[in-house]
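Have a look at the structure below before the remarks.
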Amino acid sequence: MRIATWNINGIKARLELLVRWLEEEKPDIVGLQEIKTVDEGFPRAEIEALGYNVETHGQKSWNGVALLSKLPFDEVHRRLPGRDEDEQARLIEGVFSVEGGVIRVCNIYLPNGNPVDTEKFPYKLEWMDRLNRFVQDRLALEEPFILMGDFNLIPAPIDAHDPAAWWGDALYRPESLEKFRILRNMGMTDALRAISAEEAYTFWDFQAGAWRRNAGIRIDHLMLSPQAADRLDDVVIHKDVRGWDKPSDHVPVEGAFSF
DNA sequence: ATGACTGGTAACACCAGA
């Protein structure tokens with residue numbers, strides 16, 4: 001089974017791009033971030049026509065996440081627990097039946113956190129604290145659990161073309177990295193790093209010729225519970241999609257699993 | 001390389017992204 005995450009950066013502006021990629025790759029489950037629409041504005045019919053079940057958690061203008069799956073959804077959960085007044089649509093989770101049990105796939109759009117001298121940065125850190133508590137509960141289930149999405153986090157110097165230029169940014173500074181380290185120390189494995197030690201990026205800015213210069217960063221991740229990591233076969237970053245017409249600034253990251 | 005783009009909303013500019 002192939003499971004992918006992709007920050008699509010506006011589903012209405014990228015429907016043609018998404019359809020092309022789904023038709024070419026035919027992934028089993030896809031998590032989208034930054035759909036930038038309310039649920040009613042999501043092009044559900046066009047995606048269903050390709051054989052996917054569709055669940056969304058949208059909001060007007062910004063954020064918003066969706067799960068597409070060839071398997072039927074047994075359960076769907078929306079919102080990150082722990083703070084009722086948080087209105088931002090950044091988490092959707094699905095549970096699916098597979099041979100021998102279930103898999104749980106949680107799709108997130110983790111807050112960017114910039115600028116760091118505004119309320120956006122403490123919001124990011126508080127969101128990561130809540131995410132870590134949520135993941136701790138999920139790990140207690142001892143299921144194959146895949147936490148994937150746009151983490152807005154550069155894990156290590158090798159994950160940026162110019163790490164010195166990023167140091168201090170909300171994506172790459174001690175407070176953010178500490179929260180991510182807690183997530184890993186709980187037992188969540190970075191799928192790409194379980195497969196490869198090579199430099200690899202998932203995002204290239206639209207500005208300053210970042211794509212042409214390969215001035216990228218790796219911020220889109222699949223993080224795996226032990227039961228999911230045991231079944232991981234491969235990870236593919238679909239870098240070529242960044243060069244297609246009207247691309248997102250992020251590319252799909254896909255994990256292949258033996259279930 | 002010091003480079004500066006894109007979508008959504010609304011209104012003919014601004015905000016947000018990373």
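Residue numbers begin at 1 in each chain, while the letters A, B, ... track the order of the sequences.
One C1' atom belongs to dG7(B), the other to dA1(B), and the distance between them is 28 Å to the nearest Å. Across dC12(B) and dT6(B), the matching P atoms stand 23 Å from one another, rounded to whole Å. Look at the P atom in both dA13(B) and dG3(B): the space between them is 25 Å, to the nearest Å. Spacing of C1' atoms, dC15(B) relative to dT2(B), comes out at 27 Å, to the nearest Å.
Among the protein residues, Lys124(A) comes within range of no part of the nucleic acid, since none of its heavy atoms lies under 4.0 Å from any strand. Within the 4.0 angstrom heavy-atom criterion, only backbone atoms of the sugar-phosphate kind lie near Tyr109(A); the bases stay farther away. Across all strands, Asp162(A) comes closer than 4.0 Å to no nucleic acid atom at all (heavy-atom distances). Across all strands, Asn7(A) comes closer than 4.0 Å only to sugar-phosphate atoms, never to a base (heavy-atom distances). Looking at heavy-atom distances under 4.0 Å, Arg14(A) makes contact with sugar-phosphate atoms alone, never a base.
Here dT6(B) presents its P atom at 21 Å from CD of Gln33(A), a figure rounded to the nearest Å. Nucleotide dG8(B) holds its C1' atom 11 Å from the CD atom of Glu34(A), rounded to whole Å. Here the P atom of nucleotide dT6(B) and the NZ atom of Lys246(A) are 9 Å apart, to the nearest Å. The distance between atom CD of Gln59(A) and atom P of dG7(B), rounded to the nearest whole Å, is 19 Å. With rounding to whole Å, Gln88(A) atom CD is found 8 Å from dG17(B) atom P. Atoms NE2 (His161(A)) and C1' (dA18(B)) sit 17 Å apart, rounded to a whole Å. Nucleotide dG7(B) holds its C1' atom 15 Å from the CG atom of Leu15(A), rounded to whole Å. At whole-Å resolution of the value, CZ in Phe121(A) and P in dA18(B) are 15 Å apart.
Of all nucleotides listed (dA18(B), dG3(B), dG17(B)), dA18(B) comes nearest to the side chain of Ile219(A). In this structure, of dG7(B), dA18(B), dG3(B), it is dG3(B) that holds the atom nearest to the side chain of Arg213(A). Picking from dT9(B), dT6(B), dA18(B) the nucleotide with the shortest atom distance to the side chain of Lys60(A) gives dT9(B). You'll find that the side chain of Arg212(A) is closest to dG3(B), out of dG17(B), dG3(B), dA18(B). The side chain of Lys120(A) has dA16(B) as its nearest neighbour among dA16(B), dT9(B), dA18(B). Out of dT9(B), dG7(B), dA18(B), the shortest distance to the side chain of Ser61(A) is found at dT9(B).
Under a cutoff of 6.0 Å and an axis angle of 45°, Arg173(A) and Phe121(A) form a cation-pi pair.
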side-chain hydrogen bond (donor to acceptor under 3.5 Å, both in side chains) between Glu34(A) and Asn9(A), intermediate numbers included | CA-CA 5 Å; Glu34(A) 284 204 89; Asn9(A) 192 355; 5.3 Å; no
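Contact between the side-chain N/O atoms of Lys36(A) and the OP1/OP2 oxygens of dA16(B) is not found at any separation under 4.0 Å. Residue His250(A) places at least one side-chain N or O closer than 4.0 Å to OP1 or OP2 of dA18(B).
Taking for each of Trp62(A) and Gly10(A) the nucleotide of DNA chain B with the nearest heavy atom, the 5'-most of the two is the partner of Gly10(A). Mapping Asp249(A) and Gly209(A) onto DNA chain B via the closest heavy atom, the residue that lands nearer the 5' end is Gly209(A).
Between Trp244(A) and Trp21(A), the ring centre distance reaches or exceeds 6.0 Å.
The structure places CG of Asn152(A) at 9.5 Å from CE of Met128(A), a figure rounded to the nearest 0.5 Å.
At a cut-off of 3.5 angstrom, counting only N and O atoms as typed in the model, there is a donor on one side and an acceptor on the other between the side-chain of Asn112(A) and the base of dA18(B).
Under the side-chain contact (heavy atoms from CB on, under 4.5 Å) rule, His77(A) has a single partner from His57(A), Glu93(A), Glu55(A), which is Glu93(A).
Asp220(A) and Thr5(A) are not linked by any side-chain donor-acceptor pair at a separation below 3.5 angstrom, with hydrogens and angles left out of the test. With 3.5 Å as the limit, one finds a donor-acceptor pair spanning the side chains of Tyr123(A) and Asp86(A).
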